[in-house]
Every structure is written in C-alpha cells, then in structure tokens.
There are 2 protein chains.
Amino acid sequence: MVATSELERAVNDRLAEHDLRYTAGRRAIVEGLKAADGPVTLPELLDSSPDLAQSSAYRNLGLLEEAGVVRRLVHGGEHAHFELSESLTEHHHHLICESCGLVRDVTLETKLERTLDKAFDTLAEAEGFVTTHHTVDLYGLCSTCR
Amino acid sequence: MVATSELERAVNDRLAEHDLRYTAGRRAIVEGLKAADGPVTLPELLDSSPDLAQSSAYRNLGLLEEAGVVRRLVHGGEHAHFELSESLTEHHHHLICESCGLVRDVTLETKLERTLDKAFDTLAEAEGFVTTHHTVDLYGLCSTCR
DNA sequence: CAGATATTGGGTATCATTCTCACTGCATGG
DNA sequence: CCATGCAGTGAGAATGATACCCAATATCTG
C-alpha cells in the first residue's frame, strides 16, 4: 500500500491531468476508500463521511473513475462497489458473498498471476480484442452467512 | 454443446424441480439464448423473439435463473446480459468491450483452469468462504471499436 | 481584485428492472 | 366433459440506483 502522502500526490497528479481539483469532498472520498477494509458502496461511503452530498459523491466517484483514481465494481447487488484503482494499490481479486454482498480482497501468487496474464492476452488477441485489465471474482458464502 | 433434445429435457427437469412449467414463452427464451452467439441483453432477446412480452421475459429470466437454467451477467453497461447456465453448456469466461458492451465467450485450457480452481479454493478457504463458482472477465476494446 | 472556470448540493429526471393485477389457459378429479 | 384451482401472461405502474440540472459558491490566474 502506498504511503498516504504519496497517495495524495498521485491522486493530485491524476486529477490535474484531467483539469480536476483535489477538493475536500474528493479527498474525503479517497480517504474513505483508503480507510475501508475492501470495496464499499455509496451508502457506506456516505455513512463514514456524513458531510458528503449524495449527488456530489456520485459525480465525484465518476470523475475519479475517469481519472483512473477509482474503480467501480458492478456485481448483482443493489449498489455498485468502489475501491481505489489498482495502480494506486496493487492488483487483486474479489471474494463476493452472494448472500450479504460483502466483498473482500484477495491476491493470487505472483507466478500464477503472470501465467494467467499471458493466457488472457493470447485469448484476447485471438478474438481481435485489446485488453486493458481483467477481473477474477469468486462467488460464494462468507463465514457469517454460511 | 448439448444437443437440442437433451437441452430441452434438462431444462424441463430443472423447471419441474421448481414446480415451473416449460411454457412456450420460456422455450422461446431458452432457444433465443441457445441460438445467440454469446450472452445477450433483454432488448436483444426481444428483438430475436418479437412475441415475447417484456415483463414476462424479465420474470421468466428471473425464474430460469433461480432454476439454474440461466445465468445473469452484470457488467457496467446499461443492460444485464443473459446466457444459458454453464451446467448446460460448458465453463467459460468473458471478453467484454468497454466501448460497445459486446460480450464474447472464451475458454481457458483445461490444465490452467484446473490450476486456477485449486488456487481459488485455497484462497476462499483462508477467508472462511465457501465458493460456488467464479468468473473471469477480460475487459478491453473489440476489433471494431479499436 | 476581476474574470474565468470548476465545484457543490438539493432537487428532479432517467431508465432498467420488478411488481401488480386482472385475465387466460392448462391440468386434474369427479 | 365440465368445473375448479392454480400457474402463467402482459400491459402498465412502481421502484430505486444513478445521472443530470442549475443556481449559488469556491478557487485559480494574472
């Protein structure tokens, strides 16, 4: 995980590239995502930062997504989940509880991940795709929902 | 891919287990999904089977999903995609165009897939999860959107 | 400080999906 | 062979997450 000051700088840079300011509201979102123990939904984010306005939070999450600061996860549940972009943290995958919607981060060992990457590139190329990233989601039941 | 008559029987069985009838509308959905060249959205399904009513199609897709006949894919686009359950076809993954929303099926080679399965089980177990299935999505740009 | 531009937030609009409900049709038992 | 009951249908309305609008503010630049 990147140190806070370094994260701040990185976010600031990416926003600047997109002519966006790093305002208090946006900082609150980034801090909220950083502090969270895994991807969070918008209501969860608002709970942890009560001063955020819903409309601004949605708008800023969208802008932060475009700027490459935030990643949006869309699963089957009612709300999308948001997390800091992998380029600001590290490549990882998700363990998703089909009952309560909980999302936890997991990482594959480096070697397997590299093998996968290579296989994915080959597959994509065969179909004429150029891939930007991939996701691996493991669905099941968490320890409390079991 | 399972032969049509076999598919029909399998679908019929699963519906029966859930006290559901295999009606004309449901058959049209299954045929539409089978005929499609990859996962389709509801509007696409309605286009290919114009007699389907939207409300019934949504309702029946939901019921077919519960019965394990249909899988719903939720990505970032405007519509969910639907496809026949993997237990009726074969395990595969998805190549998703971030520009036009096109979804294509791809399969990993058996050996790699088995390695992955094992790794996933270990990961999930370590977090107290019991996994039911996994998805691998490759995001990028298709040949026409590039 | 002025002017230009970005941001905010409350309210409202959108639109995919789900729900409601009156109606239809199929199956079973007498 | 009809009556009864329940599953299925479809048109429209309701729902709800998310996006949009716009007037009021805040921030930068020179």
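Numbered from 1 within each chain, the chains take letters A, B, ... in sequence-line order.
To the nearest angstrom, P of dG8(D) lies 15 Å from CG of Leu52(B). Nucleotide dT18(C) holds its C1' atom 12 Å from the CZ atom of Phe82(B), rounded to whole Å. Atom-to-atom, OH of Tyr58(B) to C1' of dT20(C) comes out at 17 Å; the value is rounded to the nearest Å. Atoms CG (Asp51(B)) and C1' (dA11(D)) sit 16 Å apart, rounded to a whole Å. Atom CG in Leu15(A) sits roughly 20 Å away from atom P in dT5(C) (whole-Å rounding). Across the protein-nucleic acid pair, Leu61(A) atom CG and dA17(D) atom P stand 15 Å apart, rounded to whole Å. Straight-line distance from the CG atom of Asn60(B) to the C1' atom of dC19(C): 14 Å, rounded to whole Å. Atom-to-atom, CG of Asn12(A) to P of dC28(D) comes out at 10 Å; the value is rounded to the nearest Å.
With dA16(C), dG8(D), dT7(C) as the choices, the nucleotide that has an atom nearest any side-chain atom of Arg21(A) turns out to be dT7(C). In this structure, of dT17(C), dA17(D), dG9(C), it is dT17(C) that holds the atom nearest to the side chain of Ala80(B). Side-chain proximity of Arg72(A) to the nucleotides dA19(D), dT9(D), dT17(C) is greatest for dA19(D). The side chain of His79(B) sits closest to dA16(C) out of dA16(C), dG10(C), dT7(C).
In this structure, Thr23(B) reaches the sugar-phosphate backbone alone: every heavy-atom distance under 4.0 Å involves primed, P, OP1 or OP2 atoms, never a base. Nucleic acid contact for Leu42(A): none, since no nucleic acid atom lies under 4.0 Å from a heavy atom of the residue.
Checked by distance alone, Arg26(B) brings no side-chain donor or acceptor within 3.5 Å of a matching partner on the base of dG8(D). A donor-acceptor contact under 3.5 Å is formed by the side chain of Arg59(B) with the base of dG10(D).
For the 3.5 Å distance criterion, the side chains of His91(A) and Glu113(A) qualify, holding a donor opposite an acceptor. Judged by distance alone, the side chains of Arg146(A) and Ser99(A) never bring a donor and an acceptor atom under 3.5 Å apart. One side chain, His94(A) or Glu83(A), offers a donor N or O that lies under 3.5 Å from an acceptor on the other. Checked by atom type, the side-chain pair Thr107(A)/Glu90(A) shows no donor-acceptor distance below 3.5 Å.
In this structure, His75(A) and His81(A) have tilted ring planes: the angle between them lies in the 30° to 60° band.
For the pair Ser56(A) and dG9(C), the criterion of a side-chain N or O lying under 4.0 Å from OP1 or OP2 is met.
Ranked by how close their nearest DNA chain C nucleotide is to the 5' end, Gln54(A) and Leu63(A) are led by Leu63(A).
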